[in-house]
Number of protein chains: 2
Amino acid sequence: MAQTETTKPNPTVPGRPCPAAGALRLVGEKWSLLIVRELLLGVRRFDAIARNTGAPRDRLAARLRALEEAGVVERRAYSERPPRHEYHLTDAGRDLAPVVTALAHWGSTWLYDEPPVVFHHRDHVAALDTTPTCTACGSPADHLTPHPHS
Amino acid sequence: MAQTETTKPNPTVPGRPCPAAGALRLVGEKWSLLIVRELLLGVRRFDAIARNTGAPRDRLAARLRALEEAGVVERRAYSERPPRHEYHLTDAGRDLAPVVTALAHWGSTWLYDEPPVVFHHRDHVAALDTTPTCTACGSPADHLTPHPHS
DNA sequence: CAGGTCGGTTTGTTTTTCCAACTCGCCGGG
DNA sequence: CCCGGCGAGTTGGAAAAACAAACCGACCTG
């Protein structure tokens, strides 16, 4: 659900109208997707996120605020006095998992002498397939089409 | 195939060892993924890419060179005198399609009052599913696992 | 009370980014 | 021949962002 269920801002971007450009305005800044990665992995504390991403602390603070404002991250107080917070993903944030996974898959395929990202499903370990599929016929939909709106 | 088939550089990243971080070093810079989007759509000329992405011309030139060096983009001369080039994706570059598609899907779902990115397959128009799947059992693999190497 | 943790903010410096203007080589009129 | 225009960049300078390191306040722990 869109946060607060008001109509969405429908941000305009320069160049080709395309939702990928809008998405990149939010999560395309440096460190943002690594922060989301940590949150997807269940890391919730400022210091831990800073360590695990390598982001400078001031950038991390700024990104977390921006992501919170965008409705991707939720900040929960786990202690008054001293004020302490932990960070959680919203539904929108969790929906970024395919983006992070696709990046990881591409990276392990093309950048590293390693097997592609593995997926530990119940009792087996296997590679992933990040190809998007058509919801109508289930076949791979791996070529881009220009955005059809307006 | 990895360009020149030498062993890959295996770049190290600060923080958690994760191929997503390596991928973001290359394509996480501003404009890079929008450039890849244009190339996926078949746009090959400098000026057209600049218009369609909104990127400043000097940044576009820098990103194209970086992507070329990384083996994501190939620059082909289509005219000597004056030297003119057009840009194509390598196999590695085309493999970024799932990343761009996942971003577009997320953007249209959470940022716009629009139906999610559509896919024009042969004779039907339908939404996409960007959830990665397990190659072994075919089930959705939408939770992240820490990278198991080293 | 000394030292340590957590979640930041501040400070000063280095890098990037941006934009507009300019270049270079050529082509097509007039 | 001269003029303008196009494609594909490059250059210069100013503004914005990122960086690293130090600092801070409110606790806890020994």
Residues 22-33 of chain A side chain polar contacts: donor-acceptor under 3.5 Å, at least two apart:
unit_1: A:Ser32; atom_1: OG; unit_2: A:Glu29; atom_2: O; d: 3.4

- Message: Using OP1 and OP2 only, check whether a side-chain N or O of B:Tyr78 sits under 4.0 Å from D:dA8.
- Response: yes
- B:Trp31 side chain near C:dC18 phosphate (N/O to OP1/OP2, under 4.0 Å): yes
Under 3.5 Å, which donor-acceptor pairs do the side chains of residues 131-138 of chain A form with other protein atoms, sequence neighbours left out?
unit_1: A:Thr131; atom_1: OG1; unit_2: A:Asp129; atom_2: OD1; d: 2.7
unit_1: A:Thr135; atom_1: OG1; unit_2: B:Ala127; atom_2: O; d: 2.8

- Residues in side-chain contact (heavy atoms from CB on, under 4.5 Å) contact with A:Ala62, at least two apart in sequence or another chain: A:Arg59
- Item | Distance in angstrom units between B:Leu64 CG and D:dG9 P, rounded | 8 Å
- For DNA chain D, which residues in residues 33-59 of chain A have a heavy atom at a distance below 4.0 Å? A:Pro56, A:Asp58, A:Arg59
- Please state how far atom CG in A:Leu24 lies from atom C1' in C:dT17, giving the value in whole angstrom units. 17 Å
- Quick one: is B:Lys30 getting a side-chain N or O under 4.0 Å of the C:dC18 phosphate, OP1 or OP2? yes
N/O-N/O pairs, protein side and nucleotides 27-30 of chain D side, under 3.5 Å:
unit_1: D:dC27; atom_1: OP1; unit_2: A:Arg81; atom_2: O; d: 3.1
unit_1: D:dC27; atom_1: OP1; unit_2: A:Pro82; atom_2: N; d: 3.4
unit_1: D:dC27; atom_1: OP2; unit_2: A:Arg81; atom_2: NH2; d: 2.3

- Query: Which other residues belong to the hydrophobic cluster containing A:Tyr78, where Ile, Leu, Val, Met, Phe, Trp and Tyr are joined when side-chain heavy atoms lie under 4.5 Å apart, directly or via other members?
  - Reply: none
- Item | Between D:dA18 (C1') and A:Glu29 (CD): distance, integer Å | 11 Å
- Is any side-chain heavy atom of A:Asp91 less than 4.5 Å from a side-chain heavy atom of A:Asp95? no
- Those residues at least two apart in sequence (or on a different chain) that pass side chain to side chain donor-acceptor pair (under 3.5 Å) with A:His124 are none
- Query: What pairs with B:Arg51 under salt bridge (charged side-chain N to carboxylate O under 4.0 Å, His left out), at least two apart in sequence or on another chain?
  - Reply: none
- Query: OP1 or OP2 of C:dG7 less than 4.0 angstrom from a side-chain nitrogen or oxygen of A:Arg75, does that happen here?
  - Reply: no
- Message: Test of understanding: with side-chain contact (heavy atoms from CB on, under 4.5 Å), list the residues that count as partners of A:Arg75, not counting sequence neighbours.
- Response: A:Arg65, A:Glu68, A:His85, A:Tyr87
- Message: The side chain of A:Ala61 is closest to which nucleotide in this list: C:dT17, D:dC19, C:dT9?
- Response: C:dT9
- Is B:Arg63 near enough to C:dT16 that one of its side-chain N or O atoms lies under 4.0 angstrom from OP1 or OP2? no
- Note on the structure: 5'-most contact on DNA chain D (nearest-nucleotide basis), A:Pro83 vs B:Pro83, goes to B:Pro83
- Return yes if some donor-acceptor pair links the side-chain N/O of A:Thr90 with the main-chain N/O of A:Gly71 below 3.5 Å, else return no. yes
